[in-house]
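For reference, the structure is listed below as structure tokens.
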Amino acid sequence: MAYRIGQWSEAKNDFKECFGISIGPFYDGFMTLVCQSIKIDIVKFDEWIKKQHGDYELENKSLADMIFEYYGDEAAALIDELI
């Protein structure tokens, strides 16, 4: 389920619930307008994950691996909707 522009509150709450932080630093306004659904900047999110858990690429892991490992299936599904 993609979060439509009018569903900002739901996306914000779900993101906070999954990751314990605000979606604000990752919000991509341009892509949100283009896609007509709420989008995040995956590069900024990736940088945050690396700050939290280290450079996972050195361990031959992907961003998806890290999300599953530390935040679970629901968080992974949320990110899939937001990119």
Exercise for review: Using the side chain to side chain contact (heavy atoms under 4.5 Å, CB included) rule, take D41 and Y27 through it: C-alpha gap first, then chi angles, then the decisive distance, then the call.
Suggested key: CA-CA 6 Å; D41 182 328; Y27 175 69; over 6 Å; no
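- Cluster membership check: L63 shares its hydrophobic cluster with I23, using side-chain heavy-atom separations under 4.5 Å among Ile, Leu, Val, Met, Phe, Trp and Tyr.
- Under a cut-off of 6.0 angstrom, the local environment of CD in E74 is sparse, with at most 12 non-hydrogen atoms contributed by other residues, nucleotides or ligands.
- The CG atom of L82 sits 5.0 Å away from the CD1 atom of I40 when rounded to the nearest 0.5 Å.
- Rounding to the nearest 0.5 angstrom, the gap separating the CD1 atom in I83 from the CZ atom in F45 is 9.5 Å.
- D46 places no side-chain N or O within 3.5 Å of a backbone atom of I42 that could act as its donor or acceptor partner.
- Neither L33 nor I38 shares a network with the other; the hydrophobic side chains, linked directly or stepwise wherever heavy atoms of I, L, V, M, F, W or Y lie under 4.5 Å apart, form separate groups for each.
- Side-chain N/O atoms of Y3 and D14 include a donor and acceptor closer than 3.5 Å.
- In this structure, CG on N13 lies 11.0 Å from SG on C18, to the nearest 0.5 angstrom.
- Of all heavy-atom pairs between I49 and M66, the closest is CG2-CB, 4.1 Å.
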Check your understanding: Could you go step by step and tell me if W8 and F15 meet the ring-ring contact (aromatic ring centres under 6.0 Å, His included) rule?
Key -> CA-CA 10 Å; W8 173 251; F15 195 90; 9.4 Å; no
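- The distance from atom CG of D65 to atom NE2 of H53, rounded to the nearest 0.5 Å, is 13.0 Å.
- For the pair K50 and Y56, the cation-pi test (distance below 6.0 Å, angle within 45°) is passed.
- Contact detail for K39 and E81: the closest heavy-atom pair is NZ-O, 3.4 Å.
- For the pair Y71 and L78, the minimum side-chain heavy-atom distance is 4.5 Å or more.
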